[in-house]
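Worksheet for the structure shown next.
Proteins get letters first, then strands, A, B, ... in listed order; numbering begins at 1 in each. If you're wondering where the values come from, they're calculated on a predicted model, not measured in any experiment.
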Protein chains: 2
Amino acid sequence: MARDQRSTEAGRSGGGVTLAEVAAAAGVGESTVSRVLRRHGSYSGRTRDRVIEAVERLGYVPNRIAGTLASTASRLVAMVIPSVTNIVFTDVLNGIGGPLEERGYQAVFAVTDYDPRREESLVAAMLAWRPAAVILAGLEHTEATRRMLGAQACRVVELLDTDGPAIDLAIGISNRAAGRAGAGYLLGRGYRRIGYLGHDPFRDRRAGKRLEGFRAALAEAGRPPAAEMVLEGASSVARGREGLARLLAGAPGLDAVYFSNDDMAVGGWFHCLEAGIAVPGRLALFGHNGLDIGAALPQPLATLRTPRDAMGREAARLVLEDAPAQVLDLGFELIPGATA
Amino acid sequence: MARDQRSTEAGRSGGGVTLAEVAAAAGVGESTVSRVLRRHGSYSGRTRDRVIEAVERLGYVPNRIAGTLASTASRLVAMVIPSVTNIVFTDVLNGIGGPLEERGYQAVFAVTDYDPRREESLVAAMLAWRPAAVILAGLEHTEATRRMLGAQACRVVELLDTDGPAIDLAIGISNRAAGRAGAGYLLGRGYRRIGYLGHDPFRDRRAGKRLEGFRAALAEAGRPPAAEMVLEGASSVARGREGLARLLAGAPGLDAVYFSNDDMAVGGWFHCLEAGIAVPGRLALFGHNGLDIGAALPQPLATLRTPRDAMGREAARLVLEDAPAQVLDLGFELIPGATA
DNA sequence: TTGAAAGCGCTAACAT
DNA sequence: ATGTTAGCGCTTTCAA
């Protein structure tokens, strides 16, 4: 492949056969080629064959940039997510991608790193592509982000959370209810000295809301958290492991720990294994999300399964169907596991 | 937010203020607005202020579709990857995303599900957006994919593998060398009855190449694999766990197992834990990739760390610098861990 | 069934 | 320093 023929300045006309050239080669008008290619309007079988032949002979690749501009109807969907390495978001992407691709939509994405200001500038950049929909995580955004999105004629989907007002469509679960459910389960199993170990609840507002629900449920039962520890930065197995060691050092009498998510909880399980702490006999562990790794543990993790794939599919469906604005709570499922 | 104002048919002029309107509002020409917005060419400070004021007052969002068409220079980068839920790919995406965004590029992506035919049709769809670069995984593609990519004036980056001819740029490691290194390490540690447990080596050609290297190295040492098992479908912790149980049932005398990757190896470690198999005393385990989860195990996993983040960064750098066609082998690092 | 022509909203000469 | 104008490659009336 001759390097010299390539260039970052891609897409210059040199690099592409145009529809006009195809029309000329096939001996028909441009609009006829356009109709044939989009299978829209009417044309004779003979005309179609000549167009197809010319398209293949010339290796024509339609220019969607031009097509989108001309039709003023974009088939781009913008996804602005906190992280690509967190499986929670990629599960959702996965569910969203299939239906969208089938209908000829393309996904454009950008990563905010859990930073609302970054989200704001990325949303602005995305809107410049005139997407049919913008998909975000959570309901917390800067005022400017909400204003931009509100002013635009595109659909807006906020994922993973239903605790609060939505801009347009919201699909997810109630994280406060999830936190309450976890606390309720542990109380129901007889645990009384329950602690919390989590990652940054301000950057990850959904984790923060679970913590609120967890605290509220325990308080109402007259058993407020016996210890709480919040680690800076993102969640990870390693942090869960080290974190639990530190939490227990300060509060050795805990009989159960509610983690901000499964990654942290798996790390906690590793710590118990290493430190010889019997689970759930001496310490019960409870996670959140229902990841595969938790289920694959020799002792399946007690957790709450969130329907991430379904969130993605429903998001795609509502956008494609042009459904009315709504908040859709998909609920969660409690997985008793063997660690609590 | 009134639902009725939204529509999937987004981006129709109703939804957007145009540059012409900004120009009129500011009392200047269109090209002046364009210059100010792109900080290109010359204009007075006073003019700039009036333009900025009009932009903000009208809530103008530039239309990049139109801008790209007019300048015939796209700032879109297409990523066509096998999976979004496999952390190996998202680590690379992560490394690539930052530098690209900084320079005003946007990432468009699509998921092939390890299917070359799907990759072919997705590449075709991507080329319609006239991307500045197309990023793929691996060196194995259909003939049609290679032809399309070769005919286009955009850069092509093939990631994660350097064992074979590249279309334009290739950045990764030699997977055959990785397989050899794993085998060599196990032999060097004195293991003699070495088995293999992996996921589909035909869909995941990189895993297949590691298996080839592994086999070759053992054969050359006069110690061919004592047992091999290949599972259908994608790799996962659960498959590694069940797979190892079955592999050992058929070959109880193994003293080491080389896994297709860390997910599988972690699953194997779980099996050993549950079955009371001493690691590495009775059975040594070796993975591939150097994932965090392996390092967080109570016994750190013996593995090979692949520079996934660097692959992404280098890919972005070479594309942005418009570097000559080349194959860049970033090498790997052996992590002895504690399981082998 | 088909073609001609007028844009879509911007950029990039080219004038001034 | 700024405005005018001709496209970019396609879709979409509107006639024929």
Euclidean distance, atom CD1 of residue Ile65(A) to atom P of dC10(D) [Å, nearest integer]: 11 Å
Verify the contact: side-chain N or O of Ser34(B) to OP1 or OP2 of dT11(C), cut-off strictly under 4.0 Å; return yes or no. yes
N/O (side chain, Ser71(A)) to phosphate O (OP1/OP2, dT11(D)) under 4.0 Å: no
Spacing of Tyr60(B) atom OH relative to dG9(C) atom C1', expressed in whole Å: 7 Å
From the options dG3(D), dT2(D), dC10(C), select the nucleotide whose nearest atom is closest to the side chain of Thr47(B). dT2(D)
Quickly work out the His40(A) NE2 to dC10(D) P distance and round it to whole Å. 18 Å
Counting only side-chain nitrogens and oxygens, does Arg35(A) get under 4.0 Å of the OP1 or OP2 atom of dT11(D)? no
side-chain N/O Thr72(B) vs dG9(D) OP1/OP2, d < 4.0 Å: no
Between the side-chain atoms of Ser31(A) and the base atoms of dT13(D), is any donor-acceptor pair under 3.5 Å? no
With side chains defined as the heavy atoms from C-beta onward, is the minimum distance between Arg75(B) and Thr68(B) less than 4.5 Å? no
Which part of the nucleic acid, if any, lies within reach of Thr68(B) when heavy atoms closer than 4.0 Å are counted: base, sugar-phosphate only, or nothing? nothing
Using OP1 and OP2 only, check whether a side-chain N or O of Thr32(A) sits under 4.0 Å from dG3(C). yes
On DNA chain D, does the nearest nucleotide to Ala70(B) precede the nearest nucleotide to Gly41(B) from the 5' side, or the other way round? Give the residue. Gly41(B)
Regarding Arg64(B), tell me which of base, sugar-phosphate or nothing describes its non-hydrogen contacts under 4.0 Å with the strands shown. nothing
Is it true that Arg206(B) and Asp161(B) have a side-chain N and a carboxylate O under 4.0 angstrom from each other? no
Decide, yes or no, whether a salt bridge links Arg155(A) with Asp322(A) under the criterion of side-chain N to carboxylate O below 4.0 Å. yes
Whole angstroms only, please: what is the CZ-C1' distance between Arg75(A) and dT11(D)? 14 Å
Give the nucleotide from the list dT11(D), dT2(D), dC8(C) with an atom nearest to the side chain of Arg38(A). dT11(D)
Need one value for Ser44(B): base, sugar-phosphate or nothing, where a base atom within 4.0 Å counts as base even if backbone is also close, heavy atoms only. sugar-phosphate
Distance in angstrom units between Leu127(A) CG and dG9(C) C1', rounded: 16 Å
Looking only at heavy atoms, what is the nearest atom pair of Ser74(A) and Tyr105(A), with distance? O-CE2, 4.4 Å
Specify the separation, in whole Å, of atom CG of Leu69(B) and atom P of dA6(D). 18 Å
Rounded distance in Å - CD (Glu30(A)) to C1' (dT2(C)): 13 Å
Grab the CG-C1' distance between Leu19(B) and dA12(C) for me, whole Å please. 13 Å
Any ion pair linking Arg317(A) and Glu314(A) (charged N to carboxylate O, less than 4.0 Å)? yes
